[in-house]
Trainee: 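Structure provided below as structure tokens; questions to follow.
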Amino acid sequence: MRRDDGYVEERSAPAPPGPAAGQGDPWRPWPGQDGAAPEDGWPRRRPPWRRWRHHQWVGRPQGSGPLRRSREDRLVAGLAAGIAARTGVDVTLVRLAFVVAALLGGFGVAAYVAGWLLLPAEGADGSIASRALNDRRGLALAAGLGSLLIILLTIASALGARWLSSVAWALVVSVVGITLIWRNTPPDEHAVLRRLADPVLGMAGAGGRRRPLLRIVAAALLLIIGLAALLSGRSAHLLAPLAGLLLVITAIVIMLGPWWLRIARDLVLERQARARAEERADMAAHLHDSVLQTLALIQRRADQPQQVIQLARAQERELRSWLFDGLPPGSADGQGMTLAGGVRLIQQEVEAQHGITVEAVTVGDCELDDDLNALLAAAREATVNAAKWSGAPAVALFAEVEPAEVVLFVRDRGRGFDPAAVPGDRKGLAESIRARVARHGGSVTVRSAPGEGTEVSLTMPRDAGRRQPSRPARA
Amino acid sequence: MTMPAPGAARPRVFIVDDHGLFRSGVRSELGDQVDVVGEADDVAPAITLIAECLPDVVLLDVHLPGGGGQDVVTATKPAHPQVRFLALSASDAPEDVIAVIRAGARGYVTKTISGAELVDAVYRVAAGDAVFSPRLAGFVLDAFAALGPPGEGRQTFDPELDQLTPREREVLRLIARGYTYKEIARELYISGKTVESHVSSVLRKLQLSTRHQLTRWATERRLT
């Protein structure tokens, strides 16, 4: 209703002269279809009376350049205008050709949809089809709808509805094409599609309320014809009762359809609202458990900067893994599953227990096995050593998963030591790091000098056949 | 760490971050080593103010309420190519960081960086060098590893741009391991300038490499 009022206003404002200013302008089946109308509320397209005055069917200046769908002069997708501009044939003629072809077994509709799909719009860098190729779900949906339609049509033609088979392929092409277009058009063309669908939805939905009488009359008529066909069905012809049944069903759908639709729509809306509320509650719970708790702790320990930094960093890490990796808070166990998770765990534990910063970076990722668990345990020990003895405020932890091996580096800029002078019985380095990695076939190198910091490099060969690298990893 | 030479012109710095607390924190950390000429808290004011005061270096948050930090870079770069950007962020999905770099930022550091390191990074960027934090080096290694070597069924349009040289890979690895440029130079027996040029070359590849492939990398990351 509102739309119709707007329509009348829009038309009367510029007061265009001529007979076509009245109702029923055949060139504008729905208002505002030319996309954004200019400020004066009058569409850019030339009014029809002027078009008719100097019409010139053929022999217009022929356009050059590739065939493109027109953005300026479009009723639906600008295909006819595009063809007209390219070939020099009048646009009205092209449109008429499409309409006539549409009446002939739906060929025009199918051709139009195909053109819409395959021809890029003016100024666009690719056709909708090229975009649709990357849209797997859209392709699946289109394939599903198409095959469903084919099955229905096969059943129908088996039951004797011969006329259906003449439009069958056009119908299938159109439905599949429009599904792909619907999912892959840019927003401006999407608006056109929606406007096209509007009258159909309007008939069934909210708009239907305006014409209850019409609907009831139509439904009653169909019901009577249908029942008549059903009950009078003495004839041995199979089709009569079937058609009758079909008509009765159609009548019921017309009567109750809008109501069903409304109920379904309300249900969907309600479900969405509930999902949103649940999501919000989840988020609130998470923020309460983690962020608010941490903020409270930080306030209480404001006089201990080291602890505040630790708390803040732990919180930052947790929040980040929640936001970007989708890991629920406190799911430390789940993180141990991959190498990157293991490195993250080392970072968290050492930071929490020893009050230093661990900068962890991982490149690539893979599943853990016994060997890599040993590597991680050794890396953890090396990190703890750095935290305890180096005196440096930060430790860098770098892990890279390569096709043949996993390498891990633990580095600090602390006081360092002379590796040659370390007594052989110092358990940490000798047993926990070197021997542990060596038992699993890996190797460890320690580089350090007094005053220069320490770097422990740990390498573990990978059984390439068994462990496929899995991406992605987070730093 | 190369500390600013005494008497060298202090770079004029502009800070873009939506948290006032963080901006004042950065201001005080930078101290009087640089000249903070302005700050902004969102994309639109940042674009206007940067065009007005034309700083040497813009410290740019990756996430802003009115869009990503890359919007500020893309809006400023064409008209004022001399303004350099250093991304500075706390919460960083790799694809967002790479997006800012690809828009034209000269580097990326995390907000946990110390004051002295930040000053150093600002001076580097002002001098036209690239600044890679360990984390960015990790992201880049990951991104280029995901692109894979050519000839393995993947299309590479420009092997020159879509691949890192072994040397560049080595340099990135050392950065990821926490080495400074000076330490990298000593480790690889090359000069500091050579290290700089390797890093700049990686930055160039990151910015110019076939958009299609890096985008696909980012999409894959987001999906899994």
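Residue numbers start from 1 in every chain, and the chains themselves are labelled A, B, ... in the order their sequence lines are given, proteins ahead of strands.
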Trainee: Distance from A/E316 atom CD to B/T110 atom OG1, nearest 0.5 Å?
Mentor: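 Answer for the CD-OG1 pair, A/E316 versus B/T110, is 8.0 Å.
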Trainee: Tell me the closest heavy-atom pair linking A/A396 and B/G178, and the distance in Å.
Mentor: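 In terms of heavy atoms, the two residues are closest at CB-CA, 4.1 Å.
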Trainee: Measuring from atom CG of B/L174 to atom CZ of A/F398, what distance do you get when rounded to the nearest 0.5 angstrom?
Mentor: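 B/L174 CG to A/F398 CZ: 9.0 Å, rounded to 0.5 Å.
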Trainee: Residue by residue, which of residues 183-190 of chain B have a heavy atom closer than 4.5 Å to a heavy atom belonging to chain A?
Mentor: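 Against chain A, the residues of residues 183-190 of chain B that fall inside the cut-off (heavy atoms, under 4.5 Å) are B/E183, B/R186, B/E187.
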Trainee: Any side-chain heavy-atom pair from A/F409 and B/R173 closer than 4.5 angstrom?
Mentor: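 Answer no - side chains too far apart.
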Trainee: Looking at A/R313, A/E400, A/E402, which makes the most heavy-atom pairs under 4.5 Å with chain B?
Mentor: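 The answer is A/E400.
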